There are 2 protein chains.
Amino acid sequence: MVTLAEVAQHAGVSASTVSYVLSGKRSISATTRQRVEQSIRELGYHPNAGARALASSRSNIIALMIPLRTDMYVPVMMEIAVAVATTARTHGYDILLLTGEEGPDAVRRVTGSGLADAMILMDVELDDERLPLLRRSGQPSVLIGLPADTSGLTCVDLDWGATGALCLEHLAGLGHRDIAVIGEAPAVYERHTGFAERTLGGLRTRARELGLRVLHRPCEGGYDAMAVTLARIFDERPGTTGFVVQNESAVEPLLALLRQQGRAVPEDVSVLAICPDQVAVQASVRLTSVAVPAQEMGRHAVEQLVAKLDGRGTDDVVLIAPELTVRASTGPAPTP
Amino acid sequence: MVTLAEVAQHAGVSASTVSYVLSGKRSISATTRQRVEQSIRELGYHPNAGARALASSRSNIIALMIPLRTDMYVPVMMEIAVAVATTARTHGYDILLLTGEEGPDAVRRVTGSGLADAMILMDVELDDERLPLLRRSGQPSVLIGLPADTSGLTCVDLDWGATGALCLEHLAGLGHRDIAVIGEAPAVYERHTGFAERTLGGLRTRARELGLRVLHRPCEGGYDAMAVTLARIFDERPGTTGFVVQNESAVEPLLALLRQQGRAVPEDVSVLAICPDQVAVQASVRLTSVAVPAQEMGRHAVEQLVAKLDGRGTDDVVLIAPELTVRASTGPAPTP
DNA sequence: ATACTGCGTCGAAGCGCTTCGACGCACCGT
DNA sequence: ACGGTGCGTCGAAGCGCTTCGACGCAGTAT
């Protein structure tokens with residue numbers, strides 16, 4: 001294991017000089033710098049992370065708390081995580097992976113031990129139990145998702161309310177009057193996860209304004225659950241011609257069931273999904289969709305955090321405007 | 001920020017005593033221990049990770065390298081990652097998330113800096129460029145996946161060869177003679193990812209032994225790609241009655257297409273998937289499947305690693321035996 | 001010439017913890 | 001009574017780095 005001192009000796013300078021070459025915090029003559037850099041390369045030196053963290057009280061690590069539940073849209077989580085990790089690297093940070101399992105304790109542990117310089121929280125509930133701790137600790141952090149009370153917090157999220165509204169506008173514009181909303185699994189609503197409730201709020205408000213009828217049904221993913229849900233929907237509202245689907249794992253089952261019942265998409269019913277573009281184009285019908293900008297959210301969260309850590313702080317809520325892409329799954333409502 | 005010294009003072013003992021209470025490396029009288037623990041609680045003390053790492057040259061962090069590609073089965077990756085993270089926590093380790101992006105450099109960086117005590121590599125290619133480095137560095141590590149040369153390495157994986165064989169035995173037992181294999185995306189084979197090639201090897205070998213005809217076709221996920229692939233298969237082998245699907249994102253499209261063509265599952269054709277159980281039970285037909293034991297692999301990898309770090313080392317290849325669960329998507333071959 | 005300014009470099013003091021050797025003390029056997 | 005043996009505790013020496021003040025030496029202004 002090569003140390004700073006060895007590099008210094010090899011280059012014929014003091015340890016502090018090597019340190020300053022590395023950090024650039026004081027000016028170093030070009031010749032010295034080159035000599036030091038040469039030594040670093042020759043010896044294959046890598047600064048020791050622990051020592052660095054101790055001396056500078058900066059670990060260059062960002063903690064990312066992802067939910068360990070599997071009842072929510074996994075690919076989105078994964079995409080966010082990967083975007084976070086790669087963006088963090090471009091700023092010199094590594095990612096520490098925390099699962100939701102530990103809950104608030106993880107926040108305590110990480111803030112207390114100086115393991116990470118900052119945190120990103122995913123799967124935020126409206127009244128999340130981690131938030132009081134977070135506010136109190138003064139740990140720089142960004143939430144992906146929006147709690148009920150955002151005071152003193154930085155958040156990044158898709159504007160789910162606007163997303164809901166946008167979905168309804170599109171369907172209303174096509175003449176649909178009776179809309180069914182296939183939501184996330186019931187557990188997601190029971191936890192009061194922000195995005196699910198906000199989407200619903202947006203849908204309902206705009207429905208009222210536009211004079212549409214909306215029937216919302218939570219739904220576990222999968223074929224069987226979807227079959228039951230769909231039967232109930234047509235039972236209660238036989239005139240339903242528009243679907244908004246928020247639960248990705250219900251999309252393909254829904255399409256299969258509609259097909260099986262002889263209802264053509266988009267001639268008889270329109271289906272509008274809220275999902276990443278990749279899913280929308282891979283489905284058995286190319287889906288009109290509002291994209292969940294997973295990558296953008298992850299990238300944004302890291303950049304906010306890095307800004308904070310650099311003192312260019314911004315305690316702010318950033319809502320990403322939804323974008324709807326028309327594909328082949330929505331069309332004019334059938335004339336009765 | 002509370003330090004060890006403050007705890008020591010508060011409890012009226014020396015710093016080393018507190019340290020020994022924490023680590024249990026020397027015996028401490030019950031009364032002193034209690035006093036110290038009390039002080040720790042009252043002051044809300046958390047050991048500083050950097051200082052600890054520096055003094056002990058142990059970071060209690062395990063690095064996990066996940067692929068950042070999205071052409072492979074994402075839920076499996078996610079499940080492994082979560083299993084790794086939670087298992088690691090039960091042993092007192094945290095997980096550092098590295099994306100494949102950095103490649104071999106990440107190995108260098110982590111080993112060099114002492115950031116992590118050990119590494120877990122996923123998405124291992126048969127001739128993976130990270131392996132020479134890993135062997136040379138002497139960094140404790142476990143691979144999830146099997147390279148061509150496993151000497152000096154510890155690996156955990158599903159026995160993909162046996163998995164392929166098992167699939168064919170099941171279909172052969174039901175009387176199927178012409179089998180089509182829907183594989184992963186072409187890029188996966190081009191990279192020589194171990195699991196894909198080994199599965200194929202197992203399939204082909206057993207096919208020869210059992211006198212079956214096997215047609216293997218790589219396939220990008222999604223409906224359109226599957227449609228093309230399926231058309232070609234029936235074109236080339238009209239008598240195909242059995243399908244083995246390894247690419248999860250091709251499963252649902254395949255089922256939809258078969259349905260659409262009027263081929264009933266399992267009456268006309270049988271479909272056997274290699275996928276996690278959850279996917280198998282959520283599909284539009286409950287799928288007979290060989291499970292990908294993602295959780296088990298993740299758990300196992302961590303446990304191997306912890307054993308190594310504790311000096312109970314075992315340089316070994318652990319192959320998990322495949323298990324086939326019969327559900328509703330396979331049945332006797334139709335009599336012509 | 002003198003005083004001043006800045007640049008480039010060095011030395012030393014920590015950062016908070018682990019760990020090793022040493023020490024004091026009670027308790028044992030003889 | 002005595003040396004021996006553990007057990008429980010302490011002090012001190014680092015671990016490898018960052019960072020602050022200081023210092024020497026130009027170059028510039030007076």
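None of these values were measured; they are calculated from a predicted model. Per chain, numbering begins at 1; letters A, B, ... match sequence-line order.
None of B:V142, B:V156, B:I120 except one satisfies the side-chain contact (heavy atoms from CB on, under 4.5 Å) rule with B:V302; the exception is B:I120. Applying side-chain contact (heavy atoms from CB on, under 4.5 Å) to A:C155 and the options A:L143, A:L121, A:V124, A:I144 leaves one that passes, A:L143.
The interatomic distance linking A:L22 (CG) with D:dG16 (P) rounds to 16 Å, in whole Å. When rounded to the nearest whole Å, the span between CE of A:M1 and P of D:dC17 equals 7 Å. Between the P atom of D:dG16 and the OH atom of A:Y45 lies a distance of 10 Å, rounded to the nearest Å. Taking atom CZ of residue B:R58 and atom P of nucleotide C:dT18, one finds them 13 Å apart after rounding to whole Å. Summarising the geometry, the separation between CD1 on B:I40 and P on C:dG16 is reported as 16 Å, rounded to the nearest angstrom. Whole-Å rounding puts the B:N48 CG to C:dT18 P distance at 10 Å. Between A:L43 atom CG and D:dG16 atom P the separation is 15 Å, expressed in whole Å. Remark: C1' of C:dG16 and CD of B:E6 are 11 Å apart, rounded to the nearest angstrom.
The nucleotide whose nearest atom lies closest to any side-chain atom of A:A55 is, among C:dG14, C:dG16, C:dT18, C:dG14.
The pair B:R109-A:D94 counts as a salt bridge, with a side-chain nitrogen and a carboxylate oxygen less than 4.0 angstrom apart.
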Test salt bridge (charged side-chain N to carboxylate O under 4.0 Å, His left out) on B:R89 and A:E101 and set out the steps.
CA-CA 10 Å; B:R89 278 308 304 146; A:E101 194 189 31; over 6 Å; no
Using the rule given for side chain to side chain contact (heavy atoms under 4.5 Å, CB included), can you reason through A:Y45 versus A:L22, listing the C-alpha separation, both sets of side-chain angles and the distance that settles it, and then say yes or no?
CA-CA 11 Å; A:Y45 169 71; A:L22 251 28; 3.8 Å; yes
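Contact annotation for A:S19: base contact, defined as any heavy-atom pair under 4.0 Å involving a base atom.
The bend of the helix from C:dA1-D:dT30 to C:dC27-D:dG4, defined by the angle between the axes of its first five and last five pairs, stands at 50° to the nearest 10°.
A donor atom on one side chain and an acceptor atom on the other are not found under 3.5 Å apart for B:Q38 and B:R35.
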Within the 4.0 Å limit for protein heavy atoms, which parts of nucleotides 8-13 of chain D are touched? Write it as a string from 5' to 3', B for base, S for sugar-phosphate only, - for none.
SBBB--
